[in-house]
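Protein chains get the first letters and strands the later ones, always in sequence-line order, with residue 1 at the start of each.
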Amino acid sequence: MLEQSMAPPHSKILIADDHPLFRDALQQVVDQAFPDAAVLEASTLDEAMIIAAHDDLDLLLLDINMPGMNGFNGLIALRNAVPATPIVVVSADEERETIQQALTLGAAGFIPKSMAKASMVQGLHEVISGKVYMPVDLSAPLTRGQMMIDDDFQQGYAALTGQQRRVLEMLVLGKSNKVIAFELDIAESTVKAHVSAILRKLRVNSRTQAVLNASKMLGTVRAMPSL
DNA sequence: GGGTATGATAGTGGAAGTGT
DNA sequence: ACACTTCCACTATCATACCC
């Protein structure tokens, strides 16, 4: 029998999904898994960011197809905003690559929307106890924030610090060092140092290579400004 | 048109400050 | 001690403007 609640007695759990019906369904799952938890809801990435910033969340359930998500960028943004909060990605997409990407980018678990309620409850218990939950056997050891794809770039990405990931995200958006420095309120030389560290960890020779690979890995198609 | 000076930008190396 | 963040000084590259 499953333990009823590994979560703190008054834990806060955010359900971020744009479909009210599915939010209701997820809330039933959460209620069953953690009867004492306070459940918050968001229907857009912006709402989720605001709630995550103001509430000390114990768990976040995130629909990756929600408005504003832009592929996995929303997951990355939330991970950077609340690095200590485990994030479970909820998606109708059950492709192995999607699951691997979500876990690579720091998700604490992946729950397909087609999954049985009991399995979802079990998955949430595993995540809240500090484990990584995945719906299928990906046949390789996996830890939160890491990955098992034999890919230097993705391994490098997992090794980036929070600030380095923020800089990389802005590089992907085509921003110059000067603009990044302004927006992060740091010196341009600091941005350059971060870029150098990013290139070293990602094992690429230029920001252009880093941006191209990052765009591919994040699963987003962007108009690439001149770099 | 070709050479040179200048400015903007990218990238590296090293060092200091801070938190764990 | 170590990792991370930040900054400075420096070099390299590229585009543009100017002069001959």
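Between A:Leu40 and A:Leu57 there is a side-chain heavy-atom pair separated by less than 4.5 Å. For the pair A:Asp63/A:Phe22, no side-chain contact is recorded, criterion being any heavy-atom separation below 4.5 Å from C-beta on. For the pair A:Ile198 and A:Val204, the minimum side-chain heavy-atom distance is 4.5 Å or more.
In this model, the phosphate group of B:dA10 is not approached by any side-chain N or O of A:Ser206 to a distance below 4.0 Å at OP1 or OP2. For B:dT12, one of the phosphate oxygens OP1 or OP2 lies less than 4.0 angstrom from a side-chain nitrogen or oxygen of A:Ser196. For the pair A:Asn177 and B:dT9, the criterion of a side-chain N or O lying under 4.0 Å from OP1 or OP2 is not met.
Residues A:Gly156 and A:Leu202 come closest through the heavy atom pair C-CD2, 3.5 Å. Nearest heavy atom pair, residue A:Ala159 against residue A:Lys201, reads O-NZ, 3.0 Å. Of all non-hydrogen atoms in A:Ser91 and A:Phe110, the two that sit nearest each other are CB-CZ, 3.8 Å.
Taking atom CD of residue A:Gln209 and atom C1' of nucleotide B:dA10, one finds them 14 Å apart after rounding to whole Å. The nearest whole Å value for the distance from the CD1 atom in A:Ile198 to the C1' atom in B:dT12 is 15 Å. Taking atom CZ of A:Arg165 as the reference point, atom C1' of C:dT5 lies 17 Å away to the nearest angstrom. The CZ-P distance, from A:Arg200 to C:dC4, rounds to 11 Å in whole Å. The separation between A:Lys175 atom NZ and B:dT9 atom P is 16 Å, rounded to whole Å.
Looking at A:Arg207, A:His194, A:Lys192 one by one, the single match for side chain to side chain donor-acceptor pair (under 3.5 Å) with A:Asn177 turns out to be A:Arg207. Of the listed residues (A:Val127, A:Val39, A:Ile87, A:Ile15), just one forms a side-chain contact (heavy atoms from CB on, under 4.5 Å) with A:Leu61, and that residue is A:Ile15.
Separating the CE atom in A:Met49 from the CG atom in A:Leu14 is a distance of 11.5 Å, to the nearest 0.5 Å.
Inter-axis angle, ends of the helix from B:dG1-C:dC20 to B:dT20-C:dA1, five pairs per end, rounded to 10 degrees: 10°.
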Going 5' to 3' along nucleotides 6-15 of chain C, which nucleotides have protein heavy atoms under 4.0 Å from the base (write B), which only from the sugar-phosphate (write S), and which from neither (write -)?
BBB-------

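The A:Leu199 side chain lies nearest to B:dG11 when the options are C:dT5, B:dG11, C:dC4.
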